[in-house]
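One is the number of the first residue; the rest follow in order along the sequence. Please read all numbers here as calculations on a predicted model, not as lab measurements.
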Amino acid sequence: MRLPSIKVSHPSLILASFIMSGILSASFVSSFSRPLSSSRSLTLLRVASSRSSSSSSSGGSTVERQIGRTASLTVNQYHATSCRLLRTSSGHHQYDSARRTLTASASVRLFSSSSNEDKGQVEAPLLLDPKAPLRPLLTANSQENHLSQYSLPPTQIGIDDYRPSLPKNQRIVSFGDVHGDITALRTFLITARVLDPESTNDNPRWSGGDTICVQTGDVLDRGDDELACFRLLATLSRQAKESGGALLLLYGNHESLNAAGLFQYANPGGNAEFESTIGSRIDYNYGSNRWRLQFAGNQPSRWASFEPGGLLAENMLGNMLVACVVGRTVFVHAGLQAVHLKGDEEFNGISKLNMEARDWILKAHHGDNNNWGEYNTVEEVIAAAQHRAKVASKTMPDCLGGGIGASSPVWMRDYSQPNDKEPKNPYAKTMIDQALKETGEDVQRMVMGHTPQYKINAAMNGRAWRIDVGASQGVMGGTPEVLEIIHMGGENDEDIISVLTVDGKKVDGRDRMLVENVLF
């Protein structure tokens with residue numbers, strides 16, 4: 001039978017099953033054992049609770065009365081109640097009748113319809129095929145398209161990600177890992193001179209003109225303002241395009257982790273942001289929180305947002321890149337090897353990586369959703385979430401996959417470790433020379449984040465620029481710095497490379513070159 005509206009399934013059951021199946025790493029145990037964000041009151045529960053007494057007196061259905069009782073239960077009490085409800089033997093028709101009654105209620109309204117409410121106009125829940133994607137619940141609203149805030153300009157693979165030919169004196173800036181720290185992000189953008197410092201985070205103004213700005217990944221995890229960071233970046237990216245410039249976002253390993261349903265590095269505050277910004281809107285617009293069951297309590301709002309085919313796949317993630325070439329520089333989160341860059345008849349190596357990532361993130365590999373939460377047992381719930389995680393991981397392209405110690409473009413550290421010193425890998429110079437040759441005829445350097453440095457520096461005679469300065473308070477609270485490249489800006493048409501600092505200084509890039517593991 002179908003279940004009434006619920007709170008999250010018991011985390012210990014989900015966690016044990018996921019660990020035994022090998023989906024979750026051991027490090028996930030500690031993060032999952034932290035207190036879960038408290039669920040907000042949900043529309044269907046409120047309506048059911050208000051009707052429960054009248055239903056009892058009028059001979060309402062058994063299931064409807066049980067729905068009303070769950071409204072006042074704590075999370076711990078809920079688990080026992082949900083198991084009893086799973087065992088309830090009343091027929092499908094009873095829940096169907098209750099659902100029709102509840103979803104037709106005039107007190108169920110759209111999340112964003114406050115203006116209508118003031119006028120005494122109330123909208124009914126949005127209807128959604130129980131197997132369909134959740135995206136329409138945030139885009140088909142008559143009041144707003146909530147997901148439009150995260151939309152990046154459509155990326156043309158093979159063009160926007162591969163720009164070897166630039167006008168002389170084209171300005172390029174780049175900065176590294178943000179990790180959910182909106183203050184650090186704002187500082188990066190102002191230091192890069194692409195954000196008007198007089199504008200706000202909610203209403204930012206691009207001030208970079210035709211500047212090309214590349215953010216090298218890891219906007220997610222470790223901070224409390226991940227969605228706010230993406231909204232700010234997406235808004236500026238749209239404005240940049242209108243001004244003749246560009247703001248390109250790259251995948252980091254933390255975007256890959258989130259897309260696979262692995263949230264061991266997420267902060268409780270970050271999870272709360274997803275709940276208040278995404279989850280509560282879906283609950284309200286759907287008139288139920290039953291869509292959450294299919295995620296088995298593993299941060300459903302976050303998972304639904306970043307999984308392949310998810311809420312942010314089409315408008316944001318599908319327009320992000322694994323790597324890009326801008327002038328004589330290739331940008332990537334962690335690094336590239338020659339083996340990553342074998343192109344084909346249609347795409348060069350860089351564009352092939354980006355197409356593989358796009359094809360993967362746009363498809364819901366798990367198949368149909370179960371938005372009504374039609375499960376008979378807790379084991380069925382867990383099995384569904386296991387399938388969801390396994391199929392995402394199994395189909396993930398190599399350019400996004402891997403893990404600690406892996407050699408993928410979002411995970412390798414061969415060129416960036418140890419921090420602020422020459423790489424310890426004795427083959428690093430050969431590897432990067434081969435990769436640069438494979439990338440393009442005139443590509444001279446690789447810019448990467450991923451491994452926090454004390455300050456931006458260049459290793460291997462300027463071939464590897466490491467720009468992650470650990471600026472997020474969730475990492476090491478480092479001082480933001482920005483890499484600037486003026487294409488063919490020198491007397492002999494060489495690129496001019498500088499490091500921009502928060503105090504307005506421009507440091508000559510040659511002063512950040514490593515020599516015998518010491519910065520000038």
Side-chain angles (χ1 to χ4, degrees), residues 1-3 5-6 8-9 13-15 17-24 28 86 92 95-96 99 125-140 147 251 255-263 274 278-279 281-283 285-320 355-401:
M1 64 171 290
R2 302 186 189 113
L3 300 177
S5 194
I6 54 93
V8 295
S9 299
L13 290 176
I14 301 161
L15 179 62
S17 181
F18 272 29
I19 293 175
M20 291 177 65
S21 68
I23 291 178
L24 301 182
F28 191 69
L86 281 166
H92 280 282
Y95 178 75
D96 288 338
R99 183 178 184 278
L126 293 170
L127 298 178
L128 182 70
D129 185 320
K131 297 181 179 181
L134 293 165
R135 181 179 171 83
L137 291 172
L138 298 180
T139 59
L147 298 183
Y251 281 99
E255 281 73 43
S256 293
L257 286 168
N258 276 255
L262 297 173
F263 311 127
F274 276 86
I278 300 293
R281 279 178 164 82
I282 298 177
D283 292 338
N285 288 359
Y286 197 25
S288 170
N289 65 346
R290 297 197 48 75
W291 62 275
R292 294 170 178 268
L293 256 181
Q294 60 198 310
F295 298 98
N298 185 27
Q299 302 303 333
S301 300
R302 181 183 287 269
W303 198 350
S305 296
F306 285 97
E307 69 175 342
L311 296 170
L312 297 175
E314 182 178 339
N315 61 325
M316 189 180 81
L317 298 170
N319 292 309
M320 291 172 59
M355 185 57 72
E356 288 174 354
R358 172 180 285 184
D359 288 346
W360 178 74
I361 200 66
L362 291 180
K363 181 179 179 181
H365 302 281
H366 62 273
D368 293 336
N369 274 348
N370 190 339
N371 300 323
W372 286 2
E374 293 179 303
Y375 301 102
N376 294 311
T377 65
V378 172
E379 288 71 26
E380 285 185 14
V381 175
I382 295 172
Q386 286 177 329
H387 169 72
R388 203 177 199 102
K390 283 182 177 179
V391 72
S393 178
K394 184 177 180 179
T395 57
M396 180 180 283
D398 292 340
C399 62
L400 294 178

Over all atoms of both residues, closest heavy-atom pair of Gly401 and Met396: CA-SD, 3.5 Å
All ring-ring contact (aromatic ring centres under 6.0 Å, His included) counterparts of Tyr251, not counting sequence neighbours: none
Minimum side-chain heavy-atom gap Asn298-Trp303 below 4.5 Å: yes
Distance in Å, Leu147 CG paired with Leu138 CG, rounded so as to fall on 0.5 Å steps: 4.5 Å
Between CG on residue Asn319 and CG on residue Leu312, distance to nearest 0.5 Å: 11.5 Å
Beyond-backbone contact of Phe263 with Leu257, side-chain heavy atoms, under 4.5 angstrom: no
With sequence neighbours excluded, residues passing salt bridge (Lys or Arg N to Asp or Glu O under 4.0 Å) with Glu356: none
Pairing residues for Glu307 by the side chain to side chain donor-acceptor pair (under 3.5 Å) criterion, not counting sequence neighbours: Arg388
Residue pair Leu400 / Ile361, side-chain heavy-atom distance below 4.5 Å: no
Least distance between heavy atoms, Asn370 atom then Glu374 atom: OD1-N, 2.9 Å
Heavy-atom closest pair, residues Ala259 and Trp360: CB-CH2, 3.7 Å
Distance-minimising heavy-atom pair for Arg302 and Asn258: NH1-OD1, 2.9 Å
Separation of Asn371 CG from Asn289 CG (nearest 0.5 Å): 12.0 Å
All side-chain contact (heavy atoms from CB on, under 4.5 Å) counterparts of Lys131, not counting sequence neighbours: Asp129, Asp368
side-chain contact (heavy atoms from CB on, under 4.5 Å) against Glu380, all qualifying residues, sequence neighbours excluded: Tyr375, Asn376, Thr377
Heavy-atom side-chain contact between Leu137 and Arg281 under 4.5 Å: no
Partners meeting side chain to side chain donor-acceptor pair (under 3.5 Å) with Ser305 (sequence neighbours left out): none
Asp398 atom CG, over 12 foreign heavy atoms within 6.0 Å: no
Worked verdict on Leu311 versus Ile282 for side-chain contact (heavy atoms from CB on, under 4.5 Å): CA-CA 11 Å; Leu311 296 170; Ile282 298 177; 3.8 Å; yes
Main-chain N/O of Val391 paired to Thr395 side chain as donor or acceptor, under 3.5 Å: yes
Interatomic distance, Leu293 atom CG to Trp372 atom CH2 [nearest 0.5 angstrom]: 14.5 Å
Side-chain touch Ile382/Val378, heavy atoms, less than 4.5 angstrom: yes
Close side-chain approach of Met320 to Leu317, heavy-atom, < 4.5 Å: yes
Heavy-atom closest contact (Ala296 atom, Ala385 atom, distance): CB-CB, 3.4 Å
Rounded distance (nearest 0.5 Å) linking atom CZ of Phe306 with atom CD1 of Ile278: 8.5 Å
From Lys394 atom NZ to His365 atom NE2, the distance as rounded to the nearest 0.5 Å: 12.5 Å
